[in-house]
Visitor: 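Mind having a look at this structure? Questions to follow.
Values reported hereafter were calculated over all heavy atoms of this structure, with side chains retained and with hydrogens, waters and symmetry mates removed. Numbers restart at 1 for each chain; the letters A, B, ... are given by sequence-line order, proteins then strands.
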2 protein chains.
Amino acid sequence: MNLITIKDIAKLAGVSYSTVSKALNGDPRIKPATKQKVLAIAEKHQYRKNILAQQLSTGRSNIIGFVLGELSNPLFSNISGKLHAELKKRGYQMILVVAHDGVDVFSQLRVDGCILWDNALDYQDAFWKKFSALTMPCFVLGTDESLSSPYIKVDRKEGIFKAVEYLNSLGHTRIGFIGNSQNIKLEGYKEALQRTGLNFEEDYVLPAHSSWEDGYFAIRNYSFGVNAPTAFIGLNNLVTRGALRGLLEAGYNVPRDISLIGYDDLPDMQYAEVALSTIGPELDELAVQAAELIVSLIRDEVVDYPIVIQPKLIHRSSTAVYRGELFDE
Amino acid sequence: MNLITIKDIAKLAGVSYSTVSKALNGDPRIKPATKQKVLAIAEKHQYRKNILAQQLSTGRSNIIGFVLGELSNPLFSNISGKLHAELKKRGYQMILVVAHDGVDVFSQLRVDGCILWDNALDYQDAFWKKFSALTMPCFVLGTDESLSSPYIKVDRKEGIFKAVEYLNSLGHTRIGFIGNSQNIKLEGYKEALQRTGLNFEEDYVLPAHSSWEDGYFAIRNYSFGVNAPTAFIGLNNLVTRGALRGLLEAGYNVPRDISLIGYDDLPDMQYAEVALSTIGPELDELAVQAAELIVSLIRDEVVDYPIVIQPKLIHRSSTAVYRGELFDE
DNA sequence: CTGAAAGCGCTTACAG
DNA sequence: CTGAAAGCGCTTACAG
């Protein structure tokens with residue numbers, strides 16, 4: 001643990017330690033020769049700046065916190081990885097905290113800023129209040145609400161609309177939705193039907209929370225009678241993959257009998273038994289936007305908000321033209 | 001940003017700030033009444049200890065670093081999540097860093113300890129050297145090597161042996177291995193064949209690195225002629241799932257025609273088209289052991305090592321008795 | 001039971 | 001171009 005400090009270097013170099021500090025930080029006022037000497041000594045002794053001390057002194061940590069509700073959904077590890085990479089490019093470390101108590105952690109750790117993934121809000125209002133009381137730059141990523149502070153919105157309603165419109169353009173008129181745990185998507189679904197001139201049937205919304213099993217059982221427990229949907233939209237990547245398995249096991253051919261499109265575009269989706277068509281935000285873009293926004297906020301720059309990310313439709317093999325046989329009267 | 005400090009509280013409470021510090025830290029020498037007053041004021045003004053200052057002062061950060069090679073393999077997000085939870089139970093924050101430069105980050109951040117997932121070692125020797133030069137408690141998780149400092153070993157060879165033995169007990173004598181990027185597993189495979197009295201055929205090792213696609217194409221590019229394997233072991237979760245898809249698309253029935261068992265036990269494995277039999281360490285156990293070890297090391301306790309984790313075989317639907325028809329001469 | 005003081009390793013006006 | 005000094009917000013012997 002006996003690491004070399006700025007004072008040791010000062011002694012070795014025969015200068016004051018404030019000079020060492022400046023040389024190390026590239027202060028232009030330091031004479032090149034002095035700088036050289038200091039850097040050489042630092043290098044030789046493997047000097048490592050004590051970030052803690054620097055942070056205490058400057059009041060900044062160069063760490064950005066990312067609050068997530070959970071890690072079990074592949075979407076989150078994917079986003080975390082990309083965000084981590086983008087932040088690093090900009091000189092920041094990212095630390096990940098699994099929601100709920102995330103805010104408390106950050107108010108203690110004094111990160112420079114933090115990003116909250118919207119899903120964490122599903123659970124606790126109190127959480128959101130604490131969050132907005134934070135005295136550091138922070139914003140919500142992927143929210144649907146309109147907030148009075150900067151945020152990045154994912155236009156999920158519009159995404160669902162694109163999916164409905166697309167399925168309708170393939171001739172489907174009975175389009176179901178698998179999953180009832182995210183209001184905004186359900187609303188988007190209803191509005192999309194309306195905009196497309198289709199009827200909403202209570203019966204077309206299959207109950208499913210968010211897991212693979214939920215999607216699977218939603219389908220297995222559904223009775224496909226006359227006028228059953230010929231196309232489904234899945235709430236998220238897990239639900240959709242579970243539903244696909246359910247449909248195949250129930251003996252339906254996807255997409256010949258039933259079309260399926262899933263929310264969230266992850267690698268897993270294209271590797272499903274039937275490569276899944278998807279709708280969802282482009283995750284690379286999401287990460288870039290998030291990284292840039294938090295950096296701007298930390299720098300106290302003026303930012304326009306909301307930043308809106310439009311989900312993209314990706315056509316693969318799980319959606320096809322309506323054949324007008326199955327389930328018709 | 002104008003957070004209240006220990007000095008403000010001292011002024012408010014009419015005591016010295018060292019007294020405040022002690023009261024806040026539950027020092028028993030402080031009179032209960034004083035302590036009450038201090039705590040009340042702290043509470044009232046939402047005092048938050050500046051962890052940075054505390055860390056600088058005590059030299060400890062209560063943060064543990066976890067170095068990973070990548071985040072794209074679901075195995076890693078799974079382990080990260082579990083480890084995070086276990087560390088939190090023990091009063092530590094975990095920060096995740098994507099390998100390669102992980103060590104540098106930690107030597108700067110001065111975490112209290114760090115854990116390195118073995119895979120990161122596949123790529124750089126230099127990395128390992130830096131790692132072992134770290135002046136903080138640290139250990140390698142999931143290694144196969146014998147090290148001179150504490151480590152947690154996953155006995156992959158024994159795991160592969162169990163898989164081979166199991167397949168052999170089902171009557172399979174031609175057992176292939178999909179994946180050639182991890183020497184230890186290949187060695188385990190060869191040794192297992194030997195121990196089981198089976199022949200090793202160069203041709204039974206299908207080249208595949210580590211991704212889903214690698215597994216898929218390994219199978220699609222393989223020519224299943226006479227004496228082809230009737231059972232395969234997949235290198236990891238992704239390769240195995242890719243291989244399963246490959247087999248199914250090639251028209252084989254799994255497990256009737258060909259049995260498949262995959263390394264890594266993750267939820268995804270049981271949700272594959274055919275619920276995959278697996279071999280692999282129990283991840284909850286892995287996380288618990290890792291958390292306990294790092295905490296012990298930080299506390300300078302004597303620990304026995306290596307800690308060895310034995311992979312477990314889980315039988316699901318992708319493995320069945322050899323029928324002796326396909327590929328036989 | 002409490003307080004004055006030194007110290008953790010940096011940064012940064014300020015003076016020279 | 002360089003240095004002395006104060007300060008970031010805590011903890012912790014040490015003295016009383």
Visitor: About how many Å separate OG of Ser296(B) and CD1 of Ile307(B), when rounded to the nearest 0.5 Å?
Guide: 8.0 Å
Visitor: Would you say a side-chain N or O of Tyr47(A) is under 4.0 Å from OP1 or OP2 of dC10(C)?
Guide: yes
Visitor: Would you call Glu86(B)-Lys82(B) a salt bridge at under 4.0 Å N-O?
Guide: no
Visitor: Could you state the atom-to-atom distance from CD of Gln54(B) to P of dG7(C) in whole Å?
Guide: 20 Å
Visitor: Taking OP1 and OP2 of dT11(D), is either one under 4.0 Å from a side-chain nitrogen or oxygen of Asn25(B)?
Guide: yes
Visitor: Between dT2(D) atom P and Ile30(A) atom CD1, what is the distance in whole Å?
Guide: 5 Å
Visitor: Can you tell if the side chain of Pro137(A) reaches within under 4.5 Å of the side chain of Asp112(A), non-hydrogen atoms only?
Guide: no
Visitor: Determine: side-chain N/O of Thr19(A) to OP1/OP2 of dT2(D), distance under 4.0 Å, yes or no.
Guide: no
Visitor: What's the closest nucleotide to the side chain of Tyr17(B) if the choices are dC1(C), dT11(D), dT2(D)?
Guide: dT11(D)
Visitor: At less than 4.0 Å, is any side-chain N or O atom of Ser18(B) found next to OP1 or OP2 of dG3(C)? Yes or no.
Guide: no
Visitor: Rounded to the nearest 0.5 Å, what separates atom CG in Asp155(B) from atom CG in Asp144(B)?
Guide: 8.0 Å
Visitor: Quick one: are Val154(A) and Leu286(A) in side-chain contact, heavy atoms under 4.5 Å?
Guide: yes
Visitor: Test Ser21(B) against Ser18(B) for side-chain hydrogen bond (donor to acceptor under 3.5 Å, both in side chains), laying out the working first.
Guide: CA-CA 5 Å; Ser21(B) 171; Ser18(B) 50; over 6 Å; no
Visitor: Kindly give the heavy-atom pair with the smallest separation between Ile309(A) and Pro281(A), and that separation in Å.
Guide: CG2-CB, 3.9 Å
Visitor: NZ of Lys7(A) versus P of dC10(C): gap in Å, rounded?
Guide: 9 Å
Visitor: Mind listing the side-chain donor-acceptor pairs of residues 35-47 of chain B below 3.5 Å, one per line with the distance, residues two or more places apart or on another chain?
Guide:
| unit_1 | atom_1 | unit_2 | atom_2 | d |
| --- | --- | --- | --- | --- |
| Lys37(B) | NZ | Ala13(B) | O | 3.3 |
| His45(B) | ND1 | Ile41(B) | O | 3.1 |

Visitor: Side-chain N or O of Thr34(A) less than 4.0 angstrom from OP1 or OP2 on dT2(D)?
Guide: yes
Visitor: dG3(D), OP1 or OP2 - any side-chain N/O from Ser16(A) closer than 4.0 Å?
Guide: yes
Visitor: Are any protein N/O atoms closer than 3.5 Å to N/O atoms in nucleotides 14-16 of chain C? If there are, list each pair with its distance.
Guide:
none

Visitor: Under 4.0 Å, counting only non-hydrogen atoms across every strand here, what does Ser21(A) touch: a base, just sugar-phosphate, or nothing?
Guide: base
Visitor: Rounding to an integer number of Å, can you tell me how far Ile6(A) CD1 sits from dG3(D) P?
Guide: 13 Å
Visitor: Rounded to the nearest Å, what distance is computed from the NZ atom of residue Lys31(A) to the P atom of nucleotide dG3(D)?
Guide: 10 Å
Visitor: Consider only side-chain N and O atoms of Ser77(A) and Ser80(A), and report whether a donor and an acceptor are under 3.5 Å apart.
Guide: no
Visitor: Among dT11(C), dT2(D), dG9(C), which nucleotide has an atom closest to any side-chain atom of Lys49(A)?
Guide: dT11(C)
Visitor: Examine distances only and state if a side-chain atom of Arg156(B) and a backbone atom of Gly142(B) form a donor-acceptor pair shorter than 3.5 Å.
Guide: yes
Visitor: Considering only the P atoms, how many Å lie between dA13(D) and dG9(D), rounded to the nearest integer?
Guide: 23 Å
Visitor: Hey, does the side-chain of Ser57(B) have a donor or acceptor N/O within less than 3.5 Å of a partner on the base of dG7(C)?
Guide: yes
Visitor: Which stems, defined as runs of 3 or more consecutive Watson-Crick or G-U wobble pairs with both pairing distances under 3.5 Å, involve DNA chain C?
Guide: C:1-3 with D:14-16, C:5-12 with D:5-12, C:14-16 with D:1-3
